Amino acid sequence: MRTGERMYGTVRQHAGVTRRTRMVENRRPRKQFGVVEVSGPSMTPTLNHGDQVLVRYGAGVRPGDVVVLRHPFQQDLLVIKRAVERRPGGCWWVLGDNPYNETGDSTVYGPVPDELVLATAVLRFRPREEHQRSLRARLSWAASALRPLWADASASSRLRAR
């Protein structure tokens, strides 16, 4: 394979997200968009289990952004969390939005180095449930299925106070 040619990664299941992305020869993500699927309740109510998220690889991170990152202790594990604040030394303090869920975040593994933050979330897409057959149910789903995920400074402040 020549440099610059693309190969497609397979869909991989990880605790936290499933990822589909286009990769280059050196296995590093290009600055592009990809789709991840959320698994687990750590980002509820912002993201629910089964939601799909459009992410941008290589984008700059701001406090309040929802980010996809490599777990600091398990490099093959991808997680999705909210970047709460930038710490000295180029690290991010990341937390889940669900205060009642005790999954791994910076309270467990500390600040996350910049190089482990892979992507920022842009848009959430909630899949349609099979039992939604009526026109009213479909219209209700359509109105709530797509939601942009902006950097939420108020969530960042609220999470910092925990």
Side-chain angles (χ1 to χ4, degrees), residues 9 11-23 27-129 140-162:
V11 176
R12 293 181 232 172
Q13 182 70 35
H14 301 283
V17 295
T18 301
R19 156 174 92 150
R20 277 180 262 168
T21 182
R22 192 177 300 170
M23 308 290 263
R27 301 271 190 211
R28 298 199 63 201
R30 300 186 83 186
K31 290 187 179 181
Q32 65 174 21
F33 292 93
V35 175
V36 297
E37 183 177 333
V38 178
S39 63
S42 72
M43 287 299 292
T44 302
T46 306
L47 302 172
N48 294 321
H49 178 78
D51 285 353
Q52 294 182 347
V53 180
L54 178 68
V55 297
R56 179 159 187 204
Y57 291 96
V61 180
R62 298 178 308 206
D65 278 342
V66 175
V67 296
V68 175
L69 56 114
R70 289 196 186 282
H71 191 284
F73 302 139
Q74 299 172 328
Q75 295 292 307
D76 61 335
L77 179 66
L78 297 178
V79 294
I80 188 163
K81 301 290 179 191
R82 187 171 302 276
V84 177
E85 68 180 350
R86 188 169 182 88
R87 296 285 175 98
C91 296
W92 284 97
W93 190 260
V94 296
L95 295 172
D97 284 357
N98 186 349
Y100 304 108
N101 187 36
E102 296 182 12
T103 60
D105 57 21
S106 287
T107 58
V108 174
Y109 46 72
V112 177
D114 247 350
E115 60 269 8
L116 296 182
V117 178
L118 303 176
T120 57
V122 177
L123 182 73
R124 187 236 35 216
F125 175 75
R126 182 160 291 144
R128 189 170 66 88
E129 296 178 16
S140 175
W141 165 80
S144 68
L146 288 176
R147 182 175 59 188
L149 294 170
W150 309 112
D152 188 354
S154 67
S156 178
S157 299
R158 184 182 77 252
L159 290 170
R160 231 187 341 248
R162 277 203 283 176

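Predicted model, so just to flag it, every value in this text is computed and none were measured.
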Atom pair CD1/CE of I80 and M43 - distance to nearest 0.5 Å: 6.0 Å
Value rounded to 0.5 Å, distance of CH2 in W150 from OG1 in T120: 11.5 Å
Reported CG-to-CD distance for the pair L146 and Q52, which is rounded to 0.5 angstrom: 11.0 Å
Listed partners of T46 passing side-chain hydrogen bond (donor to acceptor under 3.5 Å, both in side chains), at least two apart: R82, D97
Heavy-atom closest pair, residues Y57 and A119: CD2-CB, 3.7 Å
Set of residues satisfying side-chain contact (heavy atoms from CB on, under 4.5 Å) with respect to T44, sequence neighbours excluded: P41, N48, N98
Spacing of S144 atom OG and R124 atom CZ [to the nearest 0.5 Å]: 6.5 Å
For W92 against V61, the heavy-atom pair lying closest together: CZ2-O, 3.4 Å
Spatial distance of atom CG (L118) from atom CZ (R56) [nearest 0.5 Å]: 14.5 Å
All side-chain contact (heavy atoms from CB on, under 4.5 Å) counterparts of W141, not counting sequence neighbours: F125, R128, Q132, A145
Partner set under side-chain hydrogen bond (donor to acceptor under 3.5 Å, both in side chains) for R62, not counting sequence neighbours: none
Pairwise distance CZ(F73) to OH(Y109) - rounded to 0.5 angstrom: 9.0 Å
V53 and its side-chain contact (heavy atoms from CB on, under 4.5 Å) partner, picked from L47, V68, V122: L47
Closest non-hydrogen atom pair between V112 and P72, with its separation: CG2-CG, 4.1 Å
For A151 against P63, the heavy-atom pair lying closest together: CB-O, 3.9 Å
N/O donor-acceptor pair under 3.5 Å between S106 side chain and V94 backbone: yes
Qualifying residues under side-chain hydrogen bond (donor to acceptor under 3.5 Å, both in side chains), relative to T107, sequence neighbours excluded: D105
Partners meeting side-chain hydrogen bond (donor to acceptor under 3.5 Å, both in side chains) with R126 (sequence neighbours left out): D51
Minimum-distance pair of heavy atoms, taken over all atoms of K81 and S42: NZ-OG, 3.1 Å
Heavy-atom closest contact (R70 atom, Q75 atom, distance): NH1-O, 3.0 Å
Chi angles and distances behind the side-chain contact (heavy atoms from CB on, under 4.5 Å) call for R86, D114: CA-CA 9 Å; R86 188 169 182 88; D114 247 350; 2.7 Å; yes
